[in-house]
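Since the structure comes first, as structure tokens, the remarks are kept for the end.
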Amino acid sequence: MVKMTGFIDVADILKGDNEDGAEVKVRGWIYTSRSSGGIQFLELRDGSGVIQCTLNKRNIDAETFSRVEKLPLETALEMKGKVKEDNRAPGGWEIRVNEIGNVYESKLDYPIVKKEQGIEFLMDNRHLYIREPKLQNIFQIRAKFLQAARDWFKENGYTEVQTPMFMTASVEGGSTLFSVEYFERKGVYLSQSWQLYAEALISSLGKIYTIAPSFRAEPSRTRRHLSEFLHMELEEPWSTLSDIQNSGDRLVCHMANTLAEVMPEKVKAVGRDPDYLASLKAPFPKITYDEAVEIVQSKNIEMFWGDDFGWQQEGPLTEEFETPFWVVGYPSGIKPFYHMPDPKRAEVTLSSDLLAPEGYGEIIGGGQRVHNYEQLYQRTLDDGLDPANYAWYMDLRKWGTVPHSGFGLGVERVLMWMLKLDHIRDTVPFPRDMRRVYP
Ligand code: 4AD
Ligand code: MG
């Protein structure tokens, strides 16, 4: 065994960075292995990609050959060999191995096998299952998605801010609050949204955004709810409802177009046609809440004016569209106290959700905020809240209060739709829901 240095990433080989016949060193984990007629085929996974490596009895000493043949799956090892373009190999390239370096041998019987395994088993073994190439692709896309968002925010003059996760008041209603033990103090919760703090920070920093976890004690098990999700939120002073819809259109299109441009193969491998993401253009269509209710009712699905959309309503509604679309003007009764009532029609608010097509449903929720002190005071009472719990938030309305708006985008919801996934869980390495906080 020789000490090897100068390893390269599998991704660089697959990109064609090395000439046919060049000598390379790689290291990674054995993802699959089989042997036939004096040749061993290993698929090696190094975090950047997966490549086929072959060992031929004629090119490598007998001892190394038989040692490698006995290595269990997920053994990690270093190898040296020559790259060969070969269209029979997955990815189009293989490495013809002539030397082995360090070997970190696995135990026998790696629990994740190729044959169908039940979802509960795979979730119990999530710490291992995250090695699967499909998940690896999704997580790489997720990282690029966040990078594209940060680029867009920077380009458009927003400042990134973080706000506390421990809070003393609800933002999105008491029913989904997680209480925490906070030393001796009662009435401390995990954040559902940065919004209250964001409304304070716009008077310090102007246009701002955050990318941070939010927590919801969602009592239902659905394919699109997590109890911990990544929340991308923006807040803008001097901004109306239509201004933030415009920001949402451009942000979502920028992220979709970027994924299609920089990682089309990964997007395709996961299950979405990259041309679809490339084709999305601002602005997205808008319909009113009233029109949305009529569409749902026309499909003989039960819904009354004033009801919120559940998945039974949102699914069929969103099947009418091919791109995301805004539903505008939700009734006050189904939106939290901070939403500005429409001056022309008091029973609805200047609020809007962006719904993704194909049954995916809500991906953004936001709107214009109440900026008048008396009106906000009244709205807290109407919502059955104790204004004392919102004292500092209402104080903001006394000191240079201006029209302002913002929204929250669910990162996992958007990825689920953009990648055409059946379930939200695979957009996160270790998903948290009602039944799962392990591993
Ligand atoms: O519609 P929501 O509740 O709005 C707010 O929290 C506002 N305060 C945001 C703001 O204006 N700054 O949540 C915003 C988005 C939803 O549209 C959805 O995409 C996502 O957050 N979301 C969830 N994603 C996964 N699992 C859950 N349980 C989610 N709850 C909300
Ligand atoms: Mg919402």
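Order of appearance sets the numbers: ligands from 1, and atoms from 1 within every ligand.
Here the protein heavy atom with the shortest distance to atom 7 (C) of ligand 1 is Glu172 OE2, 3.3 Å. Atom 12 (N) of ligand 1 has its closest protein heavy atom at Glu233 OE1, 2.7 Å. In this structure, the protein non-hydrogen atom closest to atom 3 (O) of ligand 1 is Arg216 NH1, 2.9 Å. The closest protein non-hydrogen atom to atom 16 (C) of ligand 1 is Glu362 OE2, 3.2 Å. When only non-hydrogen protein atoms are considered, atom 28 (N) of ligand 1 lies nearest to Leu226 O, 2.8 Å. The protein atom (non-hydrogen) at minimum distance from atom 19 (O) of ligand 1 is Ile363 O, 2.9 Å. The protein heavy atom nearest to atom 15 (C) of ligand 1 is Gly408 O, 3.5 Å.
Pro336 approaches Glu172 most closely through the heavy-atom pair CG-OE1, 3.4 Å. Shortest non-hydrogen contact noted between Ile119 and Arg425 is CD1-NH1, 3.4 Å. Residues Ala212 and Leu230 share a closest heavy-atom pair of C-CD1, 3.6 Å.
Aromatic ring centres of Tyr189 and Phe178 lie farther apart than the 6.0 Å criterion allows. Ring pair Tyr110/Trp29: centre-to-centre distance not below 6.0 Å. Aromatic rings from Tyr338 and Tyr390 are positioned such that their centres are separated by 6.0 Å or more. Taking the six-membered ring for Trp and the full ring otherwise, the centers of His231 and Phe229 sit less than 6.0 Å from each other.
Taking each of Arg369, His231, Lys335 in turn, the one with a heavy atom nearest to atom 14 (C) of ligand 1 proves to be His231. Taking each of Arg413, Gln192, His339 in turn, the one with a heavy atom nearest to atom 18 (C) of ligand 1 proves to be Arg413.
Within 6.0 Å of CG on Asp386 lie more than 12 heavy atoms contributed by other residues, nucleotides or ligands.
Contact annotation for Tyr209 and ligand 1: no heavy atom of the residue comes within less than 4.0 Å of the ligand. Within the 4.0 Å heavy-atom criterion, neither part of Asp353 lies near ligand 1. Residue contacts with ligand 1 for Glu228 are absent, since no atom lies close enough (heavy atoms, distance under 4.0 Å). Of all the heavy atoms of Phe229, the ones lying under 4.0 Å from any atom of ligand 1 belong exclusively to the side chain. Proximity of His225 to ligand 1, defined as any heavy-atom pair under 4.0 Å, is shared by backbone and side chain alike.
Of the polar atoms of Ser193, at least one N or O is found under 3.5 Å from an N or O of ligand 1, judged by distance alone. Remark: ligand 1 and Val171 share no N or O pair separated by less than 3.5 Å (distance only, no angle test).
Near Tyr338, the atoms of ligand 1 lying under 4.0 angstrom from a non-hydrogen atom of the residue are 7 (C), 8 (N). If you number the atoms of ligand 1 from 1 as listed, the ones under 4.0 Å from a heavy atom of Gly410 come out as 15 (C), 19 (O), 20 (C), 21 (O). Listed by atom number, the atoms of ligand 1 under 4.0 Å from Ile364 heavy atoms are 17 (O). Atoms of ligand 1 lying under 4.0 Å from any heavy atom of Gly406, numbered from 1 in the order shown and given with element: 11 (O).
Taking the six-membered ring where tryptophan is involved, the planes of Phe325 and Phe321 are essentially parallel, since the angle between them stays under 30° and well short of 60°. Ring planes of Tyr330 and Tyr289: tilted class, angle from 30 to 60°.
Between the CG atom of Leu354 and the CH2 atom of Trp417 there is a distance of 7.5 Å, given to the nearest 0.5 Å. Between atom CG of residue Leu415 and atom CE of residue Met418 there is a gap of 7.5 Å, rounded to the nearest 0.5 Å.
For the Mg ion (ligand 2), the set of nearby N, O or S atoms under 2.8 Å includes one belonging to Glu362.
Checked by atom type and distance alone, the side chain of Glu233 pairs as donor or acceptor with a backbone atom of Trp194 at under 3.5 Å.
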